[in-house]
Amino acid sequence: MTLAEVIIRLVMVALAIGLLMSIAPLLTWGERKWSALAQDRVGPNRAAIELAGKSITLNGLLYPLADGLKMIFKEDFMPTRGEKFLHFVSPWLAVFPALAVVAVIPLGARVNLFGHEIPMQVADLDAGILYLFAFASLSVYGSTLAGWASNNKYGLLGSLRTSSMLISYEVAMGLTLVGLMMTVGSLRLSDIVEYQQGTMLGFLPRWGIFMQPFGALLFFVSAFAETKRAPFDLPEAESELVAGYFIEYSGMKFGMFYLGEFVEVVTGACLFAVLFFGGWQLPWASSEAYYNPLVVGIGGFISTAYLVFFVITLLGLPLRDPRIQFAIAAGGFLGGAGLALLSGAEGLLGPKGGVLGLILSNGPELAKLLMSLMVFTMKILILCWFHILLRWTYPRFRYDQVMKLGWKMLLPAALVNLVVTGIVLLIIR
Amino acid sequence: MAESKKEIKTYISDASDDMTWHERLYVPALAKGFGVFAKHFFRNLLGDKEEGDTGTIQYPEQKIAYSERWRGAHRLTKRPDGSTKCVACMMCSTACPAQCIHIIAKEVDDPNVEKAPEVFVIDELRCIFCGMCVEACPKDAIRMDTGIHVPAMYSREEAVWDLDKLISNKGVRGNV
Amino acid sequence: MSVKALEKVAKKFASEVIDKHSNAGDDTLIVKRAKIKEILKFCRDDKELKFEFCMDVCGMDYLGYPNQDRFEVVYHLYSVTHNHRLRIRARVPENDPVIDTSVDIWPGTNWFEREVWDMYGVKFKGHPDLRRILMYEEFQGHPLRKDYPVNKRQPLIGPQN
Amino acid sequence: MQEVVRKLPTSTMTLQMGPSHPASHGTSKFTVELDGETILAIDIEFGYLHRGFEKMCENVTWTQVVPYTDRLNYVSPLINNVGFYMAVEKIAEVKVPERALYIRTIISEMSRICDHLTCVAATAMELGGLSIFFYMIKARDRIWDLIEDITGARLTVSYVRIGGVMNDLPLDFAEKWKPVRSLVLAMLHDVDVMLTKNRIFIDRMRNTGIINGETAMAYGLTGPMLRGSGVKFDIRKASPYLVYDRVEFDVPVGAKGDNFDRYVVRMQEIKYAVSIIDQCLAQIPDGPFITDDPRLALPDKGSVYGSIEGTVDHFMHIMFGIQVPKGEAYSYVEGGNGELGFYVVSDGKGKPYRVRVRPPCFANLSALPTMITGALLADLVPTFDSINMIGGEIDR
């Protein structure tokens with residue numbers, strides 16, 4: 001491994017963790033704000049910083065910050081007769097696996113920049129999906145041990161529910177993906193993404209969700225259950241078990257469970273995007289299309305406009321205002337034009353020397369990199385939004401019903417999906 | 001009866017017996033429910049914040065207008081010369097279910113005024129804002145139309161409002 | 001219909017009846033406590049009466065009323081089938097405040113009788129679980145008796161005096 | 001090989017839920033004996049909110065009881081007001097003016113809407129559907145705004161007086177009712193779509209907390225709980241009071257007596273309550289809103305300020321209170337949770353000799369052990385919610 005490769009890997013680690021750690025706290029804000037909107041409320045908007053005599057609230061964007069500060073300085077409570085070591089260690093066990101999952105996820109297109117082959121993922125493992133499953137099952141320990149170590153009956157009930165529920169749903173989750181693995185023929189996540197380019201049947205993007213619609217639904221349900229959020233929030237079931245397995249946690253230890261939950265939401269969205277929504281691929285287009293300035297321009301326009309729109313809704317600005325609408329359009333236009341220019345400039349202007357030449361010669365690759373990153377982020381954000389809004393819509397299951405759903409509905413359905421996929425593949429090939 | 005039976009029958013409910021097939025599939029009904037929820041989301045996101053659906057009052061910047069009959073903290077009305085209309089007849093303290101009004105009467109020189117309160121205190125912590133004192137007053141001397149809540153206080157003594165304080169309270173709809 | 005219910009019970013248990021009236025439209029039967037169980041059972045089981053409901057059981061304290069027992073247990077019965085009501089008041093003397101329970105007739109009277117015990121100190125013979133219900137176990141006395149002072153403080157709650 | 005059967009030494013777990021527990025609504029405590037998650041036995045303890053309602057009533061005048069009744073079922077205080085004074089009027093044989101009867105019906109039905117909204121909202125919230133809670137509470141708040149318009153307070157209304165009510169309806173009440181009405185109906189539709197066909201919700205509610213009609217009657221259950229069990233008993237129909245015999249409505253009845261039936265019954269009753277208010281507003285006559293009998297009602301302010309008779313009447317009324325003749329009466333109204341009974345005894349001395357309130361949820365809650373034993377811990381939540389225990393009412 002050369003020094004450059006080491007640096008690339010380190011940068012990738014920073015990028016992956018950075019992406020997770022910036023989206024996850026944002027989601028704690030988004031959860032409150034989006035749920036508030038759907039529930040006919042305004043949501044939190046009072047946290048403020050006094051700057052030059054003006055209080056800046058940023059529409060409640062400061063809440064994650066305030067939360068973090070609060071949790072750090074809050075008393076770290078430890079039940080007297082609890083199991084000290086496990087009580088200390090289990091929040092880490094809850095966060096770490098959730099973070100580790102992101103290592104195998106391709107965040108963007110593999111590019112060739114400045115003479116280096118750069119895969120936009122920390123580790124491109126052959127057995128990427130198996131790695132995912134391994135870490136997903138590790139996360140059971142965190143919550144199970146937390147409840148047990150708290151010496152609390154509610155905690156115990158919560159941890160029992162967690163362990164049985166998570167393990168049951170992992171079985172279903174694993175089986176639903178076998179269909180996809182058979183279709184693609186690889187466990188490597190970058191292969192799966194590569195496979196999802198172009199069109200199928202002439203009019204559909206060749207995405208996992210169209211190749212395996214049933215599998216996608218099943219996977220979505222079981223991945224949802226893995227995050228332990230409503231309607232699958234029986235481990236913490238507010239009204240029965242008060243807070244379930246983390247009832248005796250406070251301060252940053254509680255914060256880590258909380259963060260872990262949101263990290264799981266993000267990684268869940270990443271996984272779902274990679275497996276079923278083509279990862280960083282553009283719909284209908286092949287990955288070669290990233291070198292087409294026109295495609296890059298249109299894609300850039302849409303994704304930049306979306307990101308601007310996202311930021312604007314973050315800030316709570318009124319979307320009815322024509323100026324805001326103009327800003328969104330302008331942002332999209334600038335982004336699209338910039339990317340298209342970057343991609344196609346060398347072709348238009350011919351080769352140049354110096355730093356400009358260096359950038360221009362790497363222009364198409366750079367544009368591809370930026371574009372794919374943006375497309376991927378956009379997909380994640382939409383999925384996270386969907387995930388969070390779903391969480392606030394439904395009442396929760398009962399313990400036995402969730403097990404019944406897992407074993408009696410999801411598992412057989414996954415098997416059926418597997419068999420049908422096998423038959424179809426046999427016929428086609 | 002049923003309780004005397006020591007043997008306990010454990011049942012796990014199974015609702016599937018009276019559901020239609022599409023209810024049993026979860027997804028259609030869940031999707032519909034999500035549709036309603038998302039409808040609210042987009043209506044509030046794209047709609048006009050001012051007259052939107054939220055109906056949230058940004059207290060303390062915004063305040064709702066109380067109804068005309070709303071019973072707030074008390075006040076004593078005044079005669080044109082600034083003295084209280086109260087004639088210390090004790091009607092209000094008799095009618096008060098919470099016994100929060102305390103009055104000591106005094107004689108006044110003015111021949112048109114029978115009596116006046118020397119001491120008139122209302123313990124606003126005891127008060128339950130039922131409005132019976134206002135009903136009981138034969139002189140329209142006590143009213144609850146100030147439109148103010150009794151504020152939070154640091155000591156119990158502050159909650160006992162005396163004559164001066166009660167006279168200085170203003171009514172929402174003009175000070176009669 | 002309603003007068004009939006009153007008359008029927010009064011006729012059947014003529015020896016038990018102390019008084020009866022229909023003031024303000026409420027049929028009232030005042031009885032001795034001895035056969036209260038039979039009376040109530042009759043009220044529930046008789047085809048023409050069929051009082052499925054024992055809507056309320058409450059105590060009364062007639063302290064200082066001469067020529068009558070101090071306590072009363074008042075039953076309000078209702079029949080859905082015939083849509084009529086009946087009030088039965090059973091006199092309970094002060095020196096022996098015990099009356100038969102009606103829990104085995106209507107299980108719903110369980111808590112109501114506990115409350116009467118809690119508030120008036122009338123015991124129900126045969127009640128499966130005669131504990132205090134609104135007050136706490138350590139409470140002294142029975143608060144709704146007329147001789148329990150309104151402003152009395154108990155050691156566990158409120159300021160001491 | 002010899003077969004060895006080894007039994008693990010297991011024991012049941014006693015779990016104490018409450019008095020400070022989300023499912024206990026703040027004022028009750030369940031001591032639950034659990035085998036795994038199955039409830040073997042449950043003991044309910046309440047009284048944490050006991051403030052001696054009946055004792056207090058014996059020491060104040062007849063008028064001064066009203067504020068106490070506000071605090072019984074604090075979600076529908078107006079029904080309590082009406083119920084108490086109906087008992088007093090029964091003893092004193094008071095004739096209530098027509099308009100007052102209509103006003104009382106309107107406010108009773110508004111309170112019933114609030115009560116059912118709160119109950120269904122709490123059920124949905126504690127099952128995890130927090131959004132439904134917000135939708136319903138928003139609608140309830142709009143109704144409370146109207147109640148504030150009528151009575152001058154949102155919760156502690158003290159509105160009803162003997163022989164009538166305190167104030168007339170505001171002039172623009174019918175105008176203001178229209179948007180509230182459409183909001184309530186739109187909200188009901190939304191909630192209906194989100195819950196009624198939703199299998200997660202059906203699974204949680206169907207076949208949990210079952211009580212059949214016969215047992216329900218033996219336990220003295222009334223209101224939506226009894227009707228959920230299939231017994232068609234509604235005091236508004238069985239012995240119509242106020243103007244319930246002049247409006248058209250139906251009594252929804254469940255079949256199985258489970259939580260889902262009670263939920264459906266409540267949702268239906270909200271719709272009927274809305275229609276009753278509409279009909280009342282269409283029928284309401286003009287006229288006085290309180291009786292003009294000077295022994296019972298305060299004279300109007302004009303005659304108090306202007307005439308010596310009025311002043312004297314006023315003084316007599318306040319100083320000596322209402323004189324209720326000797327007697328006893330039990331009056332019953334259909335409260336949000338069932339039969340709200342007031343048994344009032346007067347010894348003719350100006351103060352109630354005894355005010356006994358029959359809180360509907362007292363009887364309703366006493367059936368909880370039979371409904372929940374053998375079910376799962378999670379079933380306790382919807383079952384307890386559908387009973388709709390109100391701390392102020394049960395603890396008095």
Undergrad: Taking atom CD as the centre, does Glu38(C) end up with more than 12 heavy-atom neighbours from other residues, nucleotides or ligands that are less than 6.0 angstrom away?
TA: yes
Undergrad: I'd like to verify something: which residue of Met56(D), Glu328(D), Arg396(D), Glu93(D) has the highest number of heavy-atom pairs under 4.5 Å with chain C?
TA: Glu328(D)
Undergrad: Shortest non-hydrogen contact from Gly108(C) to Ser366(D)?
TA: O-OG, 4.3 Å
Undergrad: With the side chain counted from C-beta on, respond yes when Phe53(C) and Thr222(D) share a heavy-atom pair under 4.5 Å apart, and no when they do not.
TA: yes
Undergrad: Between Thr109(C), Asn83(C), Asn23(C), who has the most heavy-atom pairs with chain D when the cutoff is under 4.5 Å?
TA: Asn83(C)
Undergrad: Please classify the contact between Tyr148(C) and chain D as side chain, backbone, both or neither, with a heavy-atom cut-off of under 4.5 Å.
TA: both
Undergrad: Given heavy-atom pairs under 4.5 angstrom as the criterion, report whether the side chain, backbone, both or neither of Ala329(D) touches chain C.
TA: both
Undergrad: Any chance you could measure His50(D), atom NE2, to Tyr136(C), atom OH, to the nearest 0.5 Å?
TA: 10.0 Å
Undergrad: Any side-chain heavy-atom pair from Lys55(D) and Lys146(C) closer than 4.5 angstrom?
TA: no
Undergrad: Would you mind reporting whether Val150(C) and Glu58(D) have side-chain heavy atoms less than 4.5 Å apart?
TA: no
Undergrad: Hey, which residues of residues 353-362 of chain D are touching chain C, say heavy atoms under 4.5 Å apart?
TA: Tyr353(D), Arg354(D), Arg356(D), Arg358(D), Phe362(D)
Undergrad: Which atoms of Leu221(D) are under 4.5 Å from chain C, going by heavy atoms: the side chain, the backbone, both sets, or neither?
TA: backbone
Undergrad: Nearest 0.5 Å please: distance from the OH atom of Tyr78(C) over to the OG atom of Ser239(D).
TA: 6.0 Å
Undergrad: Considering heavy atoms only, which positions within residues 119-131 of chain C lie below 4.5 Å of chain D?
TA: Met119(C), Tyr120(C), Arg131(C)
Undergrad: Give, as side chain, backbone, both or neither, the part of Phe51(C) having an atom under 4.5 angstrom from any heavy atom of chain D.
TA: neither
Undergrad: With a 4.5 angstrom heavy-atom cut-off, which part of Asp395(D) approaches chain C: side chain, backbone, both or neither?
TA: both
Undergrad: Would you give the length of the straight line joining atom CE of Met217(D) to atom OG of Ser79(C), rounded to the nearest 0.5 angstrom?
TA: 9.0 Å
Undergrad: Against chain D, work out which of Ile133(C), Asp118(C), Val74(C), Leu134(C) has the most heavy-atom pairs shorter than 4.5 Å and name it.
TA: Leu134(C)
Undergrad: Is any side-chain heavy atom of Glu214(D) less than 4.5 Å from a side-chain heavy atom of Glu52(C)?
TA: no
Undergrad: Check whether more than 12 heavy atoms from other residues, nucleotides or ligands sit under 6.0 Å from atom NZ of Lys35(C), and answer yes or no.
TA: no
Undergrad: Within 45 degrees of the axis of the six-membered ring of Tyr343(D) and under 6.0 Å from its centre: does Arg87(C) put its NZ or CZ there?
TA: no
Undergrad: Side chain, backbone, both or neither: which part of Arg89(C) has a non-hydrogen atom closer than 4.5 Å to chain D?
TA: side chain
Undergrad: Closest approach of Trp106(C) and Ala218(D), non-hydrogen atoms and distance?
TA: CB-O, 3.5 Å
Undergrad: So which bits of residues 225-236 of chain D come within less than 4.5 Å of chain C, counting non-hydrogen atoms only?
TA: Leu226(D), Val231(D), Phe233(D), Ile235(D)
Undergrad: Are the aromatic rings of Trp111(C) and Phe46(D) close, with centres under 6.0 Å apart?
TA: yes
Undergrad: Can you find a pair of side-chain heavy atoms, one from Tyr330(D) and one from Thr28(C), that are under 4.5 Å apart?
TA: no
Undergrad: Taking the basic N atoms (NZ, or NE/NH1/NH2) and the acidic carboxylate oxygens, is any pair closer than 4.0 Å for Arg85(C) and Glu339(D)?
TA: yes
Undergrad: Taking only residues two or more places apart in sequence, or in another chain, which ones meet Tyr75(C) in a ring pair (Phe, Tyr, Trp, His ring centres under 6.0 Å)?
TA: none
